[in-house]
Amino acid sequence: MASYPVRNDSRIVLHLDYDCFYASVFEVEQPILKTLPLAVQQKQIVVTCNYEARRRGLHKLQLIRDAKRICPDVVIVLGEDLTKFRNASKDLYLFVKDFVWGGRVEKLGFDELSLDVTEMIDYNVGVLNPHDLPSSFFHLDRTDPTVGFAYDAARFEGQTDPPSPEGCGSASSLGLSSLEVRLRIASHLAGYLRAQLEHVKGYTATGGISTSKLLAKLVGNLHKPNSQTTLLPPYEATENNSQGNVIQFLDAHEIRKIPGIGSRLAQKLKDHVAGDDATDDKVTVKDVRLFPGMGPVLLEKILRGPGAPRGIGMRMWNILHGVDSAEVLEARDLPTQISIEDSYGRLDSLDSVRRELAILAKSLIRRMRTDLLDKTDPTTPLGRWLAHPRTLRLSTRPRLPPDSDTGRTYSASRISRSTPLPPFVFALDENIDGLAERLVQEAVLPVFRKLHPDKAGWALSLMNIAVTNLVESAGDQKQSSGRDIGKMFRQQESRAVPGSRTPPVLVDPRGAANDLLDAWDAWEETDEPLPGRMCPRCEARIPDFAWQAHEMYHSSVD
DNA sequence: TTGGTGTAG
DNA sequence: GATTCTACACCAA
C-alpha cells in the first residue's frame, strides 16, 4: 500500500480576511461612502469595490469604463498610492496581535492574517466547566481572570462546514472529540476578534477556523462577507463518515483554488489528469488525488520543470490531503525589499523616462525613510537606519513582449538589471528631491542603459525600481546575526594598545557593520594587538579596519 | 549575486 | 491572459 500523509491537528489556526479592504479604508475615512456603491481605481481598472457596488454588478479587476456603464452613479476613488492601505494594514495587524498570546500572527498581504491561537484555546479548554458550557468565560489573559468575554461553549459561533445539525447541544458534549471542543471555543474567539475589529476599528472581516493555515484560509472563503466558518470535525474517517470532513471539503475544490497552486501548476495537473482532449473540464482535487498511479513521485514528475521548487511532489501530495505543516510566522520587522512602480501607456523618450524615474526615486527614498528608519531613539533625532539595502534594481516591461506571436509559451514580460546602491541616499539631512535626482543620474540611468542599450526602439509600459539585499544594522539590543557586540567591546578593551588612555570606540553600530564584524572575527583568531589610530572628533581610538566606516559615520551624522 | 518565474492579495 | 502595485520564495547560472 502507498503511504498517505498524516495530519497533525494539534494546532488551532484562525484566518481573517478584511472585507474589500481598499474600499473599507475609504469607508472608515468617510462613513457616508458605506451607503453608496464605491469602487477603487488604479489606472483604468477597478481594483476592488464595496458590496453595495457588487450588488449592482461591479466586480474586481473590471474596466472603469464598464463599471461606469453598468452603474452610472458609482463613486470612484483613486487608489494608486498604497500608503494609507499600508498604514491601515499595519494598524489592524498590531491591534489583532495584541490579543494573541505569543504574538503568533502572520500577515498575508495587506488584508489577511493567520493566527496561531493554540495556546489560548488549550488554556481555555482547561478552565471550561463541562457541566455548564452555555455560561463559559473566555480568558484573554492568563494573569488577570477578569479580562475576556462570556460565551456559549455548547455551540459554534458563526457557520460551520458541513452545516451543523440544529439542536446538538451540550447533551452530546460528553462524547465529543477534544478537537471539536477546541474548534468550538476557537470559533468564539474568532467572533470576538471580528467584533473588536468592527466596533473599535470599523473594519468587518471574514474568518476561517481550522487546524492549519491552508484549511483555515480555504474554509474562510465559504461565507463572505462579514461572517465566519469553522471546518467541522471529524477530520479523520469514521464509521459514519467514510472519508472525514477534510477530504470531503478539499475534494470538491477546483485544483486551481488551492493556495499555492497557481495557473501554471494547475495547468500541468490538468494536462495530466484530463488529457489533451478534455481541455475545458474543471479538474478537482479529487480528480488529481485519485488519478491512477498518483502519489508524490508522479506529482514530482508532473510538476518538475524550470522554476519548480524541490520536493514539490511531496508537498503537493500533502496539500491534496489537507496536510499543511507550515508554521504561522510572525511578520518580519523589516521588509526584504521595497519597490515602487508605475505603468504607462507608452514611454519611448529618454526625457520622459528620466522624468518618471525621478518620480519613482522620490517615492522610493520616502519609503526607505518610513520603513527602514528608527525614529524612536532620541539620540538620533533624524532617525537611525535599521538596515541598509545594498542593491538597486530597475525593471521594465516592454510594450509588446518580443515573443508575442505564438501565444503558446510564456511571456517573461519583465526584464531587470541591478547595480550597487550608492550610499549617499542614506543621508538624512539632504532633501529627498535632491537625493532622488542624484540617484537617477548616477545609478538608475546607467542601469537603464544596461537594460536598453539601443537609443530608441523600446517602448515601455512599466518601470519599477527596487532596493533589495538589506543588511541589518548591528542592533543596539538585538543580536544582529548571533554576534555579541558587548563581547566585542570587552575584548577590545582587554587587548587595547598600550599607551592609549581613552578606551577605544569600535565604530558607531548604525553603520553598515557586517564587513567590520567579519574583520573582527578574523582579528579574534590572531594574537595581534589591534592596530588603530585616534579620531580627533571622538577623541577615541578607532581600529584601522573600522576607520573607513567610522569616517562615513561622521559624514552622515555631522 | 543576478535575473527570472511563479505565487499571492 | 492581462488589467494594478506590490512582496516573497525559489530557481539556475
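All values derive from a computational prediction rather than experimental measurement. Residue numbers start from 1 in every chain, and the chains themselves are labelled A, B, ... in the order their sequence lines are given, proteins ahead of strands.
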[X] near the nucleic acid: base, sugar-phosphate alone, or nothing, with a heavy-atom cut-off under 4.0 Å?
X        : value
A/Ser395 : nothing
A/Arg65  : nothing
A/Asp17  : nothing
A/Gly262 : sugar-phosphate
A/Gln62  : nothing
A/Ile258 : sugar-phosphate

### Query
Between B/dG6 and C/dG1, how far is it from one P atom to the other, in whole Å?
13 Å
### Message
Would you measure the distance from the P atom in C/dA2 across to the matching atom in B/dT5 and give it in whole Å?
### Response
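About 12 Å, rounded to a whole number of Å.
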### Task
Sequence neighbours left out, what passes side-chain hydrogen bond (donor to acceptor under 3.5 Å, both in side chains) with A/Asp19? Give chain and number order.
A/Thr204, A/Thr206
### Query
Got a sec, which residues hit side-chain hydrogen bond (donor to acceptor under 3.5 Å, both in side chains) with A/Asp287, two or more places apart in sequence or on another chain?
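Once residues adjacent in sequence are excluded, the partners of A/Asp287 under the side-chain hydrogen bond (donor to acceptor under 3.5 Å, both in side chains) criterion are A/Thr284.
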Quiz: residues 299-308 of chain A side-chain donor-acceptor pairs under 3.5 angstrom, not counting sequence neighbours:
from, atom 1, to, atom 2, distance (Å)
A/Glu300, OE1, A/Ile312, N, 3.4
A/Glu300, OE1, A/Gly313, N, 2.9
A/Arg304, NH2, A/Ala308, O, 3.1

May I have the distance from [X] (atom [atom1]) to [N] (atom [atom2]), rounded to whole angstrom?
X        : N     : atom1 : atom2 : result
A/Lys60  : C/dG1 : NZ    : C1'   : 18 Å
A/Leu63  : C/dG1 : CG    : C1'   : 13 Å
A/Ile415 : B/dT2 : CD1   : P     : 17 Å
A/Arg256 : B/dG6 : CZ    : P     : 13 Å
A/Arg390 : B/dT2 : CZ    : C1'   : 13 Å
A/Leu78  : C/dC5 : CG    : P     : 9 Å
A/Tyr344 : C/dT3 : OH    : P     : 15 Å
A/Met316 : B/dG6 : CE    : P     : 14 Å

### Query
Hey, mind stepping through A/Asp351 and A/Ser349 against side chain to side chain donor-acceptor pair (under 3.5 Å) and telling me if it holds?
CA-CA 5 Å; A/Asp351 253 14; A/Ser349 79; over 6 Å; no
### Message
Does atom NZ (A/Lys60) have a neighbourhood of more than 12 heavy atoms from anything else shown, all under 6.0 Å?
### Response
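No, not enclosed.
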#### Entry: Residue A/Ser263, side-chain atoms from C-beta onward, closest of C/dT4, B/dT7, B/dG4
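Nearest listed nucleotide: B/dT7.
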## Note on the structure
A/Arg264 has its side chain closest, among B/dT7, C/dT4, B/dA8, to B/dT7
In residues 459-467 of chain A, what donor-acceptor pairs under 3.5 Å come from side-chain atoms, sequence neighbours left out?
from, atom 1, to, atom 2, distance (Å)
A/Ser461, OG, A/Arg397, O, 3.3
A/Ser461, OG, A/Arg397, NE, 2.8
A/Ser461, OG, A/Arg397, NH2, 3.2
A/Asn464, ND2, A/Glu341, OE1, 2.7

### Summary
Protein-proximity profile, nucleotides 6-13 of chain C, B/S/- by nucleotide at the 4.0 Å heavy-atom cutoff, equals BSBSSSS-
### Query
According to the salt bridge (Lys or Arg N to Asp or Glu O under 4.0 Å) rule, which pairs have a member within residues 352-363 of chain A, sequence neighbours left out?
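Those involving residues 352-363 of chain A do not exist here.
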Does a side-chain N or O from [X] land closer than 4.0 Å to OP1 or OP2 of [N], or not?
X        : N     : value
A/Gln41  : C/dT4 : no
A/Arg399 : C/dA2 : no
A/Ser343 : C/dT4 : yes
A/Lys43  : C/dC5 : yes
A/Ser413 : C/dA2 : no

### Query
Is the centre of the A/Phe291 ring less than 6.0 Å from the centre of the A/His272 ring?
no
